[in-house]
There are 2 protein chains.
Amino acid sequence: MGVTIKDVAKAAGVAPSTVSRVIADHPRISASTKKRVKKAMKEMGYHPNANARSLANKSSQSIGVVMPAGADKALQNPFFPEVLRGISSIAHKMDYSLLLNTGESTEEILEGVQRMVNSNRTDGIILLYSQLNDPVVNFLLEHDFPFVVIGKPYERIDEITHVDNDNVRGGKEITEHLIKQGHERIAFIGGSTDLVVTVDRMKGYQLALEEAGLPFLDEYRIHEEFLESGGQQAVNELFALPEPPTGLVVTDDLMSIGVVSMLEKCGKLVPEDISLVSFNNVYLSEITRPPLTTVDIKIYELGLQGAKCLIEKVKNKSEPAKRIIIPYQIEYRASTKEREVPFYK
Amino acid sequence: MGVTIKDVAKAAGVAPSTVSRVIADHPRISASTKKRVKKAMKEMGYHPNANARSLANKSSQSIGVVMPAGADKALQNPFFPEVLRGISSIAHKMDYSLLLNTGESTEEILEGVQRMVNSNRTDGIILLYSQLNDPVVNFLLEHDFPFVVIGKPYERIDEITHVDNDNVRGGKEITEHLIKQGHERIAFIGGSTDLVVTVDRMKGYQLALEEAGLPFLDEYRIHEEFLESGGQQAVNELFALPEPPTGLVVTDDLMSIGVVSMLEKCGKLVPEDISLVSFNNVYLSEITRPPLTTVDIKIYELGLQGAKCLIEKVKNKSEPAKRIIIPYQIEYRASTKEREVPFYK
DNA sequence: CTCTGTTATGAAAACGTTATCTTTATTGTA
DNA sequence: TACAATAAAGATAACGTTTTCATAACAGAG
């Protein structure tokens with residue numbers, strides 16, 4: 001079972017090496033034998049064995065994709081399938097396979113990555129997240145293994161090729177949108193502060209507030225894992241404040257949906273009672289009620305460029321570390337509203 | 001670069017074959033040499049080369065995961081990351097890698113699968129969808145290649161191992177919930193009828209109607225790809241009917257969110273004006289407004305069992321085709337409401 | 001003591017490619 | 001016409017494992 005290069009060679013009356021050269025489209029092969037060999041390959045239904053190739057080549061033609069550790073709901077974020085689509089588009093074009101790695105814990109993830117790398121199963125790795133003190137990044141750096149991160153690395157940023165948005169500016173701009181609409185008390189609801197993306201978006205939020213001379217209050221910042229059920233309480237607290245916010249910056253569309261629904265439980269409507277802006281522009285944010293004003297970070301493009309950089313890096317190990325910033329684009333939809341200024345003002 | 005089995009052998013003063021036996025935990029190896037070899041492996045930082053193993057073994061220890069063709073939004077369904085999680089959990093446990101295949105078109109998918117199979121990159125394949133006349137299924141059957149489908153195969157059902165829910169019964173039961181609440185005009189909104197899952201759920205819907213003596217009307221069935229923007233019009237038409245429905249069965253949570261929001265545009269509130277039930281119980285359906293009454297199909301479990309069956313099949317090629325039905329569980333939430341019977345009745 | 005049978009190892013042949021040398025034809029040049 | 005240069009193809013050695021077959025050591029049986 002399985003026709004090999006030798007079989008083809010015999011059938012075409014040439015040496016295996018010649019067949020190999022035909023496969024590789026080597027220049028010094030006569031048109032006639034090339035044709036003959038190709039014919040034999042087709043007739044016999046020959047397909048090169050990838051493992052043998054990888055062994056001889058020391059290259060697996062596959063790239064490892066690492067998802068963050070998420071024992072639960074966190075991975076249900078449509079962000080992931082969408083980056084995967086972007087990555088896949090390039091991988092397919094360049095004839096690379098995709099090796100997927102997930103895990104329930106950081107240790108599991110690390111272990112998986114180590115296996116991929118040590119066993120020569122993959123030529124390069126693409127990280128779909130970036131967090132504080134990531135052992136995976138350290139491992140890859142130590143081993144001088146080609147990788148790129150989607151997002152901004154936490155440290156050694158100049159040594160790590162990454163594809164990111166300008167989340168600080170995005171955060172600033174989207175907050176400014178709220179400010180322009182007359183909002184003065186704007187709260188921030190974000191994911192874990194271990195995630196670089198959360199920190200960046202919050203920085204932008206802070207910057208906008210400061211420039212506008214608005215207060216940047218601790219009570220206005222919530223870093224719950226909103227995907228967990230604890231969110232309701234946090235929202236309650238926010239509105240128990242003497243001066244509750246009228247605007248909300250939320251770092252993720254999925255999270256926003258949860259927030260909108262919690263707000264409603266508190267009797268607050270978006271955008272009538274409170275305005276909300278968000279990030280990612282996942283398909284969801286368009287069909288939800290209200291459609292969200294959100295920073296479109298071009299997820300597909302992030303994946304695509306990430307894969308592209310990685311493949312470049314794999315092909316040329318001395319390729320210098322790059323940073324690629326994908327321009328975001330704000331989608332203005334219906335989740336914000338001009339603030340009605342109290343008449344006595 | 002890279003310490004090989006030979007290096008270890010030399011260091012431990014044994015033959016490569018002995019090292020190999022130690023790795024495989026062969027019984028006929030003395031405790032002393034086993035210890036010695038293991039020590040050498042550890043000291044030298046030895047890791048077996050997966051490609052070489054695969055070549056010698058004729059087994060790649062990896063399974064291919066095939067996502068449906070979706071050029072666009074369709075893949076943003078959180079269903080996918082969640083099945084992946086389930087698959088991954090088992091794969092990890094059994095030391096299998098995951099090879100991911102996506103594509104924009106059916107041809108691209110098929111091509112990818114053929115490459116995986118022909119090149120010996122994968123030991124088995126798991127399909128994350130099931131549709132009418134799938135060339136991928138045909139290819140795999142023809143080549144007698146181990147695979148399982150998540151969902152119900154369109155044909156040759158007894159020859160194909162698959163993991164599914166009883167979608168007919170689920171569809172029936174959830175529709176009955178609506179009926180019990182007094183709804184008599186119930187419409188169905190589903191994805192493509194090329195998808196077996198759509199057809200099954202609709203069958204259940206139909207069954208429930210018939211048993212209750214309610215009409216099963218063509219005008220009450222919409223098979224738009226709701227993920228595309230055309231949905232609004234379909235909903236409009238539904239409510240332009242002389243007798244518009246008061247209940248809605250929608251085949252997917254993501255789609256439901258779109259529907260709820262379209263309904264609102266038509267001035268209809270869920271559940272006040274119209275009740276809606278759905279399928280999947282994706283995390284989203286819990287945090288949306290209103291939280292959806294939905295059939296929890298246990299996505300994680302589907303993936304997990306699928307992977308388990310596949311690995312069994314890979315290990316034992318003569319394993320007979322199985323069908324595994326994962327019990328669903330209806331989550332009663334707030335998207336339906338007792339129908340107020342008009343007083344004259 | 002020899003002979004047979006285990007038990008623990010080693011030697012060497014796969015596995016299916018690619019890549020490095022050779023070798024053999026085929027030119028072109030003096 | 002002879003000789004170097006080039007083009008096309010073959011032989012063969014990697015690549016790093018596993019596995020089959022062979023063998024040495026040693027125990028137990030007669």
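A, B, ... follow the sequence lines: proteins, then strands. Residue 1 opens every chain. Values in this document were obtained by computation on a predicted structure and should not be read as measured data.
Residue B:Lys58 contributes atom NZ, which lies 18 Å from atom P of D:dT17 at whole-angstrom precision. In this structure, B:Met41 atom CE and D:dG16 atom P are separated by 17 Å, rounded to whole Å. Across the protein-nucleic acid pair, B:Lys6 atom NZ and D:dA14 atom P stand 9 Å apart, rounded to whole Å. In this entry the distance linking CG of B:Asp25 with C1' of D:dT17 reads 17 Å, nearest Å. Rounded to a whole Å, the CG atom of A:Leu55 is 9 Å from the C1' atom of D:dA14. Computed from coordinates, the A:Lys10 NZ to D:dG10 C1' distance equals 15 Å when rounded to whole Å. Distance A:Asn57 CG to C:dC15 C1': 16 Å, rounded to the nearest Å. Straight-line distance from the CZ atom of B:Arg28 to the P atom of D:dA25: 18 Å, rounded to whole Å.
As judged by a 4.0 angstrom heavy-atom cut-off over every strand, A:Arg53 is placed among residues touching the sugar-phosphate backbone only. If you check every strand for non-hydrogen atoms under 4.0 Å, B:His47 touches sugar and phosphate atoms only. Within the nucleic acid shown, B:Thr33 comes within 4.0 Å of sugar-phosphate atoms alone, with no base atom in reach, counting heavy atoms only. In this structure, B:Ser20 reaches the bases: a heavy-atom distance under 4.0 Å links it to at least one base atom across the strands shown.
At distances below 3.5 Å, not a single donor-acceptor pair connects side-chain atoms of B:Ser20 with backbone N or O atoms of B:Pro16. For the pair B:Glu108 (side chain) and B:Glu104 (backbone), a donor-acceptor distance under 3.5 Å is present.
The side chain of B:Thr18 lies closest to C:dG10 when the candidates are C:dT17, C:dC21, C:dG10. Listed candidates were C:dT17, D:dG16, D:dA11. Nearest to the side chain of A:Ile5 is C:dT17. Checking D:dT17, D:dA8, C:dG16 against every side-chain atom of A:Ala52, the shortest atom distance belongs to C:dG16. When distances run from any side-chain atom of B:Asn49 to the nucleotides D:dG16, D:dG10, D:dT19, the shortest one goes to D:dG16.
Side chain A:Ser17 to base D:dA11: a donor-acceptor pair is found below 3.5 Å.
Remark: B:Lys317 NZ is packed, more than 12 non-hydrogen atoms of other residues, nucleotides or ligands lying under 6.0 Å away. The environment of NZ in A:Lys6 is sparse: at most 12 heavy-atom neighbours from other residues, nucleotides or ligands sit within 6.0 Å.
Side chains of B:Tyr129 and B:Asp134: a donor on one and an acceptor on the other come within 3.5 Å.
Both B:Ala15 and A:Val19 lie near DNA chain C, and the one whose nearest nucleotide falls closer to the 5' end is B:Ala15. Checking B:Pro48 against A:Ser32, the closest nucleotide of DNA chain D that is more toward the 5' end is the one next to A:Ser32.
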